[in-house]
Amino acid sequence: MAFIEAVMQYGFLQKALLTSIMVGIICGVIGCFIILRGMALMGDAISHAVLPGVAISYVLGINFFFGAVFTGILTAIAIGFVSQNSRIKHDTSIGIMFTAMFAAGIIIITMLKSSTDLYHILFGNVLAVRPSDMWITLGTGLFVLTAVYLFYKELLVTSFDSTMAAAYGLPVRFIHYFLMTLLTMVTVASLQTVGIVLVVAMLITPAAAAYLLTDRLWVMIFLAAGIGVISSIVGLYFSFTYNLASGATIVIAATAIFTLVFLFSPKHGLLWKMVKARKKRAALM
């Protein structure tokens, strides 16, 4: 009750709640495609690669969204270029490029006199979200959701079978980079909430839990978005009530939901599998 009263009373908490909910939704939606494509490492790469863009934006005195999106997209293009024009495999090029960009970001931060202002980007602080950050997150969320709705079939086909998609004449490479652009935008929009270090967890964990609950993509998308929203609200509650780091509490909430699904999912839950295996052994005896 105290948390609800605080939300009704304090504007900063209302902004934090709206931002957290939108982050939970868009991370869950994009995370589904990342999971299906086996690109969890790419999500981690993009989340770390935006750091130099954040630092440069700080130097220029502009919103970090623009610099972070630029460096995130640049890194995605660089990863594809290296893997397509050398013997280096995709996961190796990811490791090379994202660590280089992350290191560059750290160097820029250490060179700044007021570097402490940027450390909340690493771990997130949704309770300190500004109105401009909230509106950018909401705008990004609407754009991403609209794009997924309009190009759902193309994303669906290329996620399950890129070879068949190419045979049908779909621009597989363009769709890949389009998804990377959406991933970058979602990552940047989530920085204020969960931070660079933990944003990959919000991209992967709700989608992974949804993956264990259904075999249909559209159902998975709605479940992942719902799990992301619940995780964000629960995490924000504990963050505000007990003065804990917002990013960490949101991720822990998502992990707790994943653990429950992992154990009790009707089709793929560990306990149900153990029960079925025991019944089969009993029938054979």
Side-chain angles (χ1 to χ4, degrees), residues 1-8 10 12-35 40 43-44 46-48 119-129 133-134 137-138 140-141 144-145 183 186-214 219-266 268-271:
M1 290 296 295
F3 176 71
I4 297 176
E5 291 177 0
V7 170
M8 298 297 293
Y10 300 114
F12 78 92
L13 200 54
Q14 295 169 7
K15 292 193 291 286
L17 183 61
L18 286 173
T19 304
S20 298
I21 289 173
M22 182 55 70
V23 165
I25 292 172
I26 58 178
C27 281
V29 170
I30 293 299
C32 291
F33 296 103
I34 300 303
I35 288 260
D44 192 28
I46 297 298
S47 66
H48 286 74
Y119 282 113
H120 72 279
I121 296 297
L122 291 175
F123 304 105
N125 184 12
V126 70
L127 296 177
V129 66
D133 297 326
M134 181 190 70
T137 301
L138 294 178
T140 301
V144 169
L145 295 177
L183 172 61
V186 169
T187 299
V188 176
S190 307
L191 293 184
Q192 185 70 47
T193 306
V194 291
I196 285 174
V197 176
L198 299 173
V199 67
V200 68
M202 285 304 292
L203 283 166
I204 302 303
T205 308
Y211 185 65
L212 295 176
L213 292 170
T214 183
V219 178
M220 179 182 172
I221 289 174
F222 279 99
L223 286 173
I227 293 170
V229 169
I230 294 172
S231 303
S232 296
I233 294 174
V234 172
L236 181 61
Y237 166 78
F238 281 101
S239 175
F240 176 78
T241 304
Y242 300 103
N243 194 28
L244 301 172
S246 60
T249 52
I250 291 172
V251 170
I252 289 297
T255 305
I257 294 174
F258 172 80
T259 302
L260 292 174
V261 172
F262 175 74
L263 293 174
F264 301 109
S265 172
H268 306 289
L270 179 62
L271 293 183

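For clarity, every value in this text was computed on a predicted model and none was experimentally measured.
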Minimum heavy-atom distance between [X] and [Y], given as atom pair plus value:
| X | Y | answer |
| --- | --- | --- |
| T137 | M22 | O-CG, 3.7 Å |
| I34 | A40 | CG2-N, 3.8 Å |
| A189 | V23 | O-CG2, 3.7 Å |
| A224 | G28 | CB-O, 3.4 Å |
| V200 | G43 | CG2-C, 4.1 Å |
| G228 | P206 | N-CB, 4.0 Å |

Atom pair [atom1]/[atom2] of [X] and [Y] - distance to nearest 0.5 Å:
| X | Y | atom1 | atom2 | answer |
| --- | --- | --- | --- | --- |
| M134 | L17 | CE | CG | 11.0 Å |
| L223 | I257 | CG | CD1 | 11.5 Å |
| I227 | M220 | CD1 | CE | 9.5 Å |
| L236 | T241 | CG | OG1 | 8.5 Å |
| C32 | I204 | SG | CD1 | 10.0 Å |
| C27 | L183 | SG | CG | 9.0 Å |

**Request:** Sort out for me which residue in L145, T187, I221, V186 forms a side chain to side chain contact (heavy atoms under 4.5 Å, CB included) with I30.
**Result:**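 It is V186; the other options fail the test.
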If you define the side chain from C-beta out and look only at heavy atoms, does anything of [X] sit under 4.5 Å from [Y]?
| X | Y | result |
| --- | --- | --- |
| L212 | F258 | yes |
| P266 | L213 | yes |
| I46 | V199 | no |

Donor-acceptor pairs under 3.5 Å, side chain of residues 246-254 to any protein atom, not counting sequence neighbours: which ones?
residue	atom	partner	partner atom	Å
S246	OG	V126	N	3.0
S246	OG	T193	O	3.3
T249	OG1	G235	O	2.9
T249	OG1	A245	O	3.1
T249	OG1	S246	O	2.9

**Request:** Name all residues meeting the side chain to side chain contact (heavy atoms under 4.5 Å, CB included) criterion together with T259; count only those two or more places apart in sequence or in a different chain, and write none if there are none.
**Result:**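 Once residues adjacent in sequence are excluded, the partners of T259 under the side chain to side chain contact (heavy atoms under 4.5 Å, CB included) criterion are T255, L263.
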**Asked** Excluding sequence neighbours, so at least two apart, what forms side chain to side chain contact (heavy atoms under 4.5 Å, CB included) with L260?
**Response**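 By the side chain to side chain contact (heavy atoms under 4.5 Å, CB included) rule, L260 matches F264.
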Taking only residues two or more places apart in sequence, or in another chain, which ones meet [X] in a ring pair (Phe, Tyr, Trp, His ring centres under 6.0 Å)?
| X | value |
| --- | --- |
| Y237 | F3 |
| F33 | none |
| F12 | Y10 |

**Item:** Side chain S47, main chain D44, donor-acceptor under 3.5 Å
**Value:** yes
**Item:** Counterpart residues, salt bridge (Lys or Arg N to Asp or Glu O under 4.0 Å), relative to D133 (two or more places apart)
**Value:**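 For D133, the residues satisfying salt bridge (Lys or Arg N to Asp or Glu O under 4.0 Å) (neighbours in sequence not counted) are R130.
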